[in-house]
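For reference, the structure discussed in these notes is given below.
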Amino acid sequence: MNKEKVPDRTVSLETAEPDMASSSSIGYLGYAEYFHNKELQQLESDVQYREKYQKEKGVSHPTLFQGLTIYVNGRTDPTRFELHKLIILHGGTFKHYLSGKTAVTHIIASELNASKKSSFANYKIVGPGWITESIARGKLLPWQDFRIVNVSVLQGKITDFATIRNCMDPNFIHSYFKSSRLHHLSNWKFQLRDQFVQDLLSSRGEISPNQKYVFFHVDFDCFFAQVSAKIDGTYDIHTVPIAISHGINNSDISSCNYVARSFGVHNGMWVSSALKLCPALKILDYEFDEYEAISNLFYQALKSVGIFKMVLPLSIDEAIGCMPVTSDTTQELLTQKCIQVRAAVFDLTQGYSVSIGCASSVLLARLALRKGKPNGFSISWFSTPLERRAFVDQFKLKDLPGIGYSTDQKIQETFGEIHSISALRGLLESPNNVSKLIKAIGSKNAKRLQTYLDGQDDDESISMVKDPASYFQKKSLSVEINYAIRFKTIDDVDTFLERLSLYLWEKLKDSNLLTRQITLKLMKRAQGAPVDPPKFMGMGKCDAISKASTLGSNTQKYGSIASECKTLFRILSVPPAEVRGIGLQFHRLTAATQASGQKLEQRRITTDIFKKANRSDDEVVRRVDEDTTPRTPKSTTYASPVKNYWDRHLKRSVTPFRYDFPDELDPEFMSNLPKDVQEEITSHHSVAKRAKRTLRTELFEEPKKQIKQTQDLHYIHDGRLVPQLSFQGLSSAKQICRTLIDWVDATIDVGPHEKDLELFVNHLNKLADQRRSHIILQLIKTLKNKIDDHYDGNSEGLEQWEYFLIRRLIPVLNKTKSDVNFNLVFDL
DNA sequence: GCTGTGTGGTAGC
DNA sequence: TATCGCTACCACACAGC
C-alpha cells in the first residue's frame with residue numbers, strides 16, 4: 001500500500017518543475033514545504049494583483065484592512081473568491097490555510113457549527129458583511145458588530161436528521177440525496193456528460209475518428225479530502241491524517257489523504273476500523289457545494305490550457321484531455337505540457353493539486369496516473385510493443401479498469417493466488433488457460449483483459465474517443481435508495497413509490513424523453529440477516545430482485561408510471577417490512593417529439609372562460625404519450641397484463657388527500673365535501689386539535705387589523721378580517737369550484753392556457769398569504785378529482801393538466817404546509 | 001438464431 | 001448517538017419461440 005504511492009523514479013518523469021519535483025521525492029513534509037512556498041508566492045502575487053488592478057483601473061482603494069490577516073471559512077456570500085479580491089484590494093492579507101501556527105487576525109464565516117465554534121474560540125469570527133460594509137462605508141467598522149453569534153446550523157441539522165431517519169417524511173428523498181455522496185457523484189457525472197454533449201453539438205466540432213491523440217488522464221489527489229480540509233481550515237493536509245465521512249462508527253470513509261493511507265486507511269473503510277489503524281485520524285464533513293465549485297474551475301482550467309482538442313469528462317474530479325499527436329510530440333514536450341496543466345489547475349483553483357498520467361492510449365494513461373500520484377505526473381511514451389507490455393507488467397490485475405473485486409476473485413479461484421499482470425500473461429500462453437479464463441469471467445471480459453495485457457484500448461474506450469457524442473448520450477434513467485428504507489404497511493410502500501415515481505418522472509420530463517419499459521428493483525433483507533443491520537439504518541445483507549414491465553406505448557404519463565410501480569411491487573411480493581432498498585428504472589427511452597413537448601399551441605380562454613372547445617380547435621389536438629416514430633415490426637410489444645386490472649381497482653379507491661386539520665373546520669369547506677370524507681374529517685378532528693394546541697396561541701394571536709382599506713374586507717372562519725379575494729370575478733369557494741370543473745372539462749383535449757394557469761396560481765398564492773389553507777385544499781382537490789374523471793382518456797390536455805397539478809400546485813400546497821404547519825400529503 | 005428478462009459487476013470519492 | 005449503501009452501462013445465462 002505504502003509503496004505504491006511513492007512514484008517509481010525510473011518510470012516517472014516528474015523532474016521538470018523544481019518545486020513540485022522535489023516535493024515528490026521527499027515525502028509529506030516536502031509537500032508542506034512546497035505549499036508553504038506556494039503560499040508565499042501567492043502573497044506576492046496578491047500584492048502584484050492589487051498594483052496591476054489599481055493601475056489598470058486608475059483607482060486606489062483605501063487600505064482598510066492594512067495589517068490584518070484574514071481567513072475565510074466555509075461557504076460565504078459573497079464567495080471566498082470575491083472576498084479574497086476585496087481583501088487584497090483593500091490592503092489586507094488573505095490566508096488560504098489556517099494551520100496552527102498561522103497568525104490570523106480574523107476569520108470570515110457565515111455560520112459555524114458547534115465544533116467549529118469551539119475550535120475557533122480564540123479567533124475573531126465575523127460575518128462577510130464586515131468586509132463588504134466596511135468597504136461601503138469607507139472605514140473599518142468594529143468587528144464586534146459583525147460577530148457570529150447564533151449557531152444557526154444546528155437547527156437545520158436536527159430537522160434534516162429527523163427527515164432522513166424517516167423514509168415516510170414527504171421530504172425524505174430530497175433531503176437524503178442532499179447528503180448522499182454516491183448520488184452526487186452520479187449526478188455530477190451525468191451533468192458533465194450532458195454539458196459535454198451539448199458543447200460538442202453546438203460547437204459543430206469535427207471529431208475526426210482517425211485522429212491520433214496523446215491522452216492526459218488528470219485526477220485530483222484525494223479530492224474530497226483536499227477540498228474539505230481546505231474549507232475546514234483546521235488541519236494541515238500534508239501532515240495530519242484526514243478522512244471524509246458522515247459518521248463516527250459504521251460509516252463509510254469516502255476519501256482520505258495520503259497521510260491516512262500510510263496507516264493503511266483506505267476509501268470505503270468504515271470509520272471504526274480506520275480509527276483502529278490510525279487513532280489520530282481526523283474526520284471531516286462533506287462540502288458538496290464546494291466540490292462542485294472546485295470541479296468547475298478544474299474543467300475551466302483544462303480548457304484554458306488550450307492544448308486539448310477534447311476534454312472527456314470521467315467524473316467530478318477526473319477528466320481525459322486529448323491532445324492531437326504531431327511530429328514534434330516528444331517526451332520533453334509532454335513533460336512541459338503536464339507541468340503546464342498542473343499549474344493551470346493549481347492557479348485557477350487557488351491551490352489544489354492534481355496528478356496526471358500521460359500516454360498514447362486511454363489505458364496506459366490510466367496506469368501512468370497511478371505512477372504519477374500523488375501530486376505528480378508520469379509519462380508513458382513507448383516506441384515498441386515490448387516496452388508497452390513491460391510497462392503493463394508492473395501492475396496488478398486489480399489496477400486494470402473493469403477488474404473489480406469480484407472478477408479478481410474469479411481469476412484467483414481459477415488459477416490460484418495470482419495478482420500480477422505478468423503472472424497472468426504467462427498463464428495465458430496456454431490456450432487451455434485462455435478457455436478457463438473465458439469460463440471464469442466471460443468471453444467479453446476475457447477478450448478485454450487480453451487487449452489490456454497488450455497495453456491497448458478496448459472497444460469501449462475507442463468508441464469514447466472516436467464518437468464521444470453517442471458514447472456520452474444517456475440511454476436509461478434510474479433512481480434507487482437503499483438507505484433508511486423501513487416500511488410497515490403496503491400503504492407506506494405505495495406512498496413511497498408514488499414519490500419515487502414522481503422524482504424520476506420529473507427527470508424524464510425535464511429531459512424531454514418517453515419511456516417504454518419500467519423496472520422496479522427491491523433490496524430484500526436476506527434470509528437470516530439481522531433486522532437491524534450493523535450500519536445504522538443501513539440495508540444490511542440483502543437479496544436484490546427486480547421486475548420489469550413493458551408498457552403499451554412510449555409514455556411520459558405520471559399516472560401510468562406510478563400505478564405500474566405499485567403493480568410491480570405486488571408481483572414481487574416482498575413483505576413491506578422486509579424491504580431495505582427500492583429502485584426504479586426507465587429503459588428504452590425515446591426523445592419526445594416536438595408535438596408532444598410543451599410547445600403545443602394553447603388556446604386562450606378569457607372572455608368565454610372555460611367553455612367547451614369548438615370543433616376546429618379540437619383538430620390541433622395531438623396525442624402526447626405516443627411516440628411518432630414507427631415501431632420496429634419485429635419487436636414484440638404488449639400492454640402490461642396487470643395494468644388494466646390495476647387501473648380498474650386502484651384508481652378510484654385512493655383517497656386523494658391525507659392531512660391533519662386546522663383548529664376549526666370551515667363549515668363552507670365541509671359542506672362541499674362528500675359525506676364519507678366529512679365523517680373521516682370529523683372523526684380525526686379532535687385528535688388533530690389536541691396535537692395542534694401548541695400552535696394555537698401563535699396562530700390566533702395574530703393581529704386582526706393592519707390591512708389597508710383598499711379592498712373589501714370580510715371575516716373568515718377563525719375570526720380574522722382579511723381582504724376579499726376573487727378569481728374570475730367569483731369569490732365564493734363553491735362558485736369557483738364549479739368554474740374549475742367547467743374549465744377542466746372544456747380544456748381536457750387541448751390543455752389549459754398558460755395565462756389562465758397563472759391567474760389560478762396567483763389566486764392560490766393570495767389565499768396562502770391569508771393562510772386559508774383549507775380553501776386551497778378544497779380547490780385543488782376539486783381540480784384533481786375532475787382531472788381524474790378524464791383519466792382513461794388519452795389526450796394532450798390530460799397530460800398537461802397532470803403536469804400542472806404536480807409541478808405547479810404541489811409547491812403551493814407545500815408552502816401552505818410550512819405556513820400553517822399542516823401535515824399535508826398529496827396523494828395521487 | 002433471435003428477443004426479452006433478471007442478475008451481477010464496475011466506476012467515481 | 002447513529003448516518004446519508006447512487007446510477008449508467010455492459011455482459012451473461014436462461015427462457016421462449
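Quick caveat: nothing in here was measured; it's all calculated off a predicted structure. The figures here come from the full heavy-atom set of this structure, side chains too, leaving out hydrogens, waters and symmetry mates.
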For atom [atom1] of [X] and atom [atom2] of [N], their distance in whole Å:
X: A/His587; N: B/dT5; atom1: NE2; atom2: P; result: 9 Å
X: A/Tyr483; N: C/dC4; atom1: OH; atom2: C1'; result: 5 Å
X: A/Tyr503; N: C/dC6; atom1: OH; atom2: P; result: 11 Å
X: A/His184; N: C/dC4; atom1: NE2; atom2: C1'; result: 10 Å
X: A/Leu584; N: C/dA8; atom1: CG; atom2: P; result: 11 Å
X: A/Arg486; N: C/dT3; atom1: CZ; atom2: P; result: 13 Å
X: A/Ile294; N: B/dC13; atom1: CD1; atom2: C1'; result: 15 Å
X: A/Ile244; N: C/dC4; atom1: CD1; atom2: P; result: 13 Å

Do [X] and [Y] pair up side chain to side chain, a donor and an acceptor below 3.5 Å, judged on atom types alone?
X: A/Thr495; Y: A/Asp492; result: no
X: A/Tyr483; Y: A/Ser180; result: no
X: A/Thr163; Y: A/Tyr176; result: no
X: A/Asn249; Y: A/Ser251; result: no
X: A/Thr234; Y: A/Asp232; result: yes
X: A/Ser546; Y: A/Thr519; result: no
X: A/Asp221; Y: A/Ser355; result: yes

Output yes when [X] and [Y] qualify as a salt bridge under the 4.0 Å nitrogen-oxygen rule, no when they do not.
X: A/Asp408; Y: A/Lys396; value: no
X: A/Arg525; Y: A/Glu578; value: yes
X: A/Asp194; Y: A/Lys474; value: no
X: A/Lys230; Y: A/Glu290; value: no

With sugar-phosphate meaning primed atoms plus P, OP1 and OP2, does [X] contact a base, only sugar-phosphate, or nothing at under 4.0 Å between heavy atoms?
X: A/Met539; value: base
X: A/His183; value: sugar-phosphate
X: A/Phe177; value: sugar-phosphate
X: A/Gln409; value: nothing

Shortest side-chain distance from A/Lys475, nucleotide among C/dG5, C/dC12, C/dC9: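 When the side chain of A/Lys475 is considered, C/dC9 is the closest of C/dG5, C/dC12, C/dC9.
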Would you tell me if any nitrogen or oxygen in the side chain of [X] comes within less than 4.0 Å of OP1 or OP2 on [N]?
X: A/Lys178; N: C/dC4; value: no
X: A/Arg181; N: C/dG5; value: yes
X: A/Tyr176; N: C/dC6; value: yes
X: A/Ser180; N: C/dG5; value: yes
X: A/Gln226; N: B/dC13; value: no

query: Going by heavy atoms closer than 4.0 Å, what residues in residues 247-257 of chain A are next to DNA chain B?
result: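 A/Ser254, A/Ser255 - these, ordered by number, are the residues of the stretch whose heavy atoms sit under 4.0 Å from the strand.
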field: Among A/Asp458, A/Asp459, A/Asp457, the one residue meeting side chain to side chain donor-acceptor pair (under 3.5 Å) with A/Ser461
entry: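 It is A/Asp458, the one option of A/Asp458, A/Asp459, A/Asp457 that forms the side chain to side chain donor-acceptor pair (under 3.5 Å) with A/Ser461.
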message: Under 3.5 Å for both pairing distances: what stems, at least three Watson-Crick or G-U pairs long, include DNA chain B?
response: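 Only these stems qualify: B:1-12 with C:6-17.
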- prompt: When the nearest nucleotide of DNA chain C is assigned to A/Gly540 and to A/Ile441 on a heavy-atom basis, which residue is associated with the more 5' position?
  reply: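 Per heavy-atom nearest nucleotide, the more 5' residue is A/Gly540.
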query: Given that A/Lys521 and A/Asn445 both sit by DNA chain C, which one's nearest nucleotide is further toward the 5' end?
result: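 Of the two residues, A/Lys521 wins.
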message: What's the gap between C/dG5 and B/dG9 when it is taken at their C1' atoms, as a whole Å value?
response: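 It works out to 16 Å between them.
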- line: With B for base contact, S for sugar-phosphate-only contact and - for none (protein heavy atoms under 4.0 Å), nucleotides 6-12 of chain B reads SB-SSSB
field: Quiz item: cation-pi between A/Arg499 and A/Phe496, 6.0 Å / 45°
entry: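 The answer is no; the distance or angle limit is not met.
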